[in-house]
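To start, the structure under review is shown below, and the notes come after it.
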Amino acid sequence: MKIKSIYLFTLPALLVMLIFYLYPIALSFKMSFTDFTGVGIANDVGWKNYDRIFSRQRYLDAIQITFTFSFIVVIIQNLIGLFFAALLFKMPTIRNFCRAALFTPSMMSFVIVGYVWQFIYSPYNGGLNSLLGSIGLESLQHTWLGDPSTALFAITATHIWMFVGYSCAIFLAGFANIPADIQEAGRLDGASAWQRFRYLELPLLAPSITINIVLSTIGTLKTFELPFIMTGGGPVGSTRTLSLEIMQNLFGQYKFGFAGALSIVMLIVIIFIVFFLNRFLKNKEDNL
Amino acid sequence: MNTQLTSLTKIRRKVTFSLAQTGVFLLVIGMLMPVIYMLIMSFKTSAEIAESPLGLPSQLYLGNYIKTLESMNYISSVMNSLGITLSVTVLVAFLGALAAYPLARKTGRFSRWFIMLVALGLATPSFVNITPVYVIFRELGLLDTYLGIIIVFTALNLPFAVFFYTGFIAAIPRELDEAAMLDNCSEWQIFWHVIRPLLRPATATLSLFVMLMVWNDFIYPLLLLTDKSKFTVMIEVYRFVGNRNIEPDMLFPAAVLGSLPLLALFVVFQKRILAGVTAGAVK
């Protein structure tokens, strides 16, 4: 068999993919059946690590927290992004400025956004409570990150704030792709603004909806930095996402085997969800 | 009468529209408030922060910045981030474009498998490969070295680069390759002398994304670097702020300094960055 020499060009990249993606996934998988602690001998423990994940409330909670976080962010971030895009599309004077302004937070790092918002939520002179106080809403003042019932939502809001502009930029590109004569036709037929949006624009926006949902799902299912910086997983574990759990097992307790099992679960969940989401949305694209 | 009426409706429409436009504009400014808040806070004295948490500073007080710059290794961490970004960009651009060329030109089974592998790479969360990478790097003595962090960032950016270049090269007419082939150019010569020069705009966009990633990524340098002198900007900010239990007079200047280079980059290269973000979104 003669291999075309042009394929040799992929060899370096292929090696990198094998060493940094395929091999690590295989090694994680192998480690997940052991009690490896980073040094010394790894004893085979069979399915014990996986058994632990699915039988202890702590880990089921982590999975549920991750899903809740992901679900809320994906829905709200994309709705707000779509809202801004639909309006800005019709406002060319302010469009470019607003698109850039909304996008700015996603250029910042999670570390900095996390610290700044931690202070905004702070009960001591924090921006949010001070704002509520200054407009006479003292009753709504709250220890946002200190209360298990609000901490996760506070972090969710921060994440949404960070990436609304990202969704909006993608939606705007989708709008720009709608041919002008389709818009015109809708107007001549006397369709209302909502009808034009629902029956003309939305179906044509379908590819950008798919991209946005898939990207934000991947991004949120592996969320780590914001809870790590803002709450460290607390209070009482209410913001302990799956990735935070992995990191704590890994570099807090050196349970490499167990962390391996957790990351394999996470990888399978992500691939599974993204695969079906993609397929589902592509189907919808044709039927909108 | 009738024309009067239509001009009235026209005026009313115009007024409604500019009201809506103003409303949207204000909403967007509202979304930007936390960034503005960060800037304002960085110029306030501790006393001002305590007394009027939302007020404007009475003067452009630079004391916080002076204090922060004195106790934070800002300049050296910026240099580290820049050096790492530059090396990673060169490596990722070369390896990515090289692999993308055959993938864009041949659509056989191999190419499809490779693209699948790249997609897997794009979806893989850092946590899956972090433990094995840590273990391998420990064996090879790559922990806490520039080389190690450069290799990791190259690997992390490569799937995106391959994707990005494949799309870009696919749009380059094949006639160019064929003309060069008639002149007896080898595949390497075609890649290097025909394709590579055309990739400059793509590489410029890619380098901005690499910059963004290297600048902002936190997990890998946190685990791989322990030597203070090798810290990237974000690790420096993390260690600096984290050790101080969020004293606002140091937190905000550090946050501004940490974001400043990227925000400046964004202001200058806005169009290119936004075009890169949306490139994959619309076919």
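- For the set B:A20, B:P159, B:G258, B:S52, the entry with the most heavy-atom pairs within less than 4.5 Å of chain A is B:P159.
- The contact between A:V111 and chain B is made entirely by side chain atoms (from C-beta outward), counting heavy-atom distances below 4.5 Å.
- Taking all atoms of both residues into account, the shortest heavy-atom contact from A:Y21 to B:A155 is OH-O, 2.9 Å.
- Remark: B:Y238 OH to A:S109 OG distance equals 12.5 Å, nearest 0.5 Å.
- The main-chain N or O of B:P53 is never found under 3.5 Å from a side-chain atom of A:N125 such that the two would form a donor-acceptor pair.
- Between chain A and the options B:I190, B:L54, B:V35, the largest number of non-hydrogen pairs under 4.5 Å is found for B:L54.
- Here A:F110 and B:F218 keep their ring centres 6.0 angstrom or further from each other.
- Of the atoms belonging to A:S130, heavy atoms from both backbone and side chain fall under 4.5 Å from chain B.
- When heavy atoms are compared at a cutoff of 4.5 Å, A:V113 does not approach chain B at all.
- In this structure, CD1 on B:I219 lies 4.0 Å from CD on A:E225, to the nearest 0.5 angstrom.
- A:I112 and B:M38 make their closest contact through CG2-SD, 4.3 Å (heavy atoms, listed as atom of the first residue, atom of the second, distance).
- Between chain A and the residues B:L274, B:V162, B:V152, B:I49, the largest count of heavy-atom pairs under 4.5 Å involves B:L274.
- Interface remark: A:M91 contributes backbone and side-chain atoms alike to the contact with chain B (heavy atom separation under 4.5 Å).
- Residues B:N216 and A:M107 fail the side-chain proximity criterion, which asks for heavy atoms closer than 4.5 Å.
- Here the rule is side-chain contact (heavy atoms from CB on, under 4.5 Å) with B:T124, and of A:I25, A:I218, A:L22 only A:I25 fits it.
- Contact tally against chain A (heavy-atom pairs below 4.5 Å) for B:I29, B:L117, B:L95: the top residue is B:L117.
- With chain A as partner, the option from B:V233, B:L265, B:L27 having the largest number of non-hydrogen pairs under 4.5 angstrom is B:L27.
- Under the 4.5 Å side-chain criterion, counting only non-hydrogen atoms from C-beta, B:Q270 is not in contact with A:F103.
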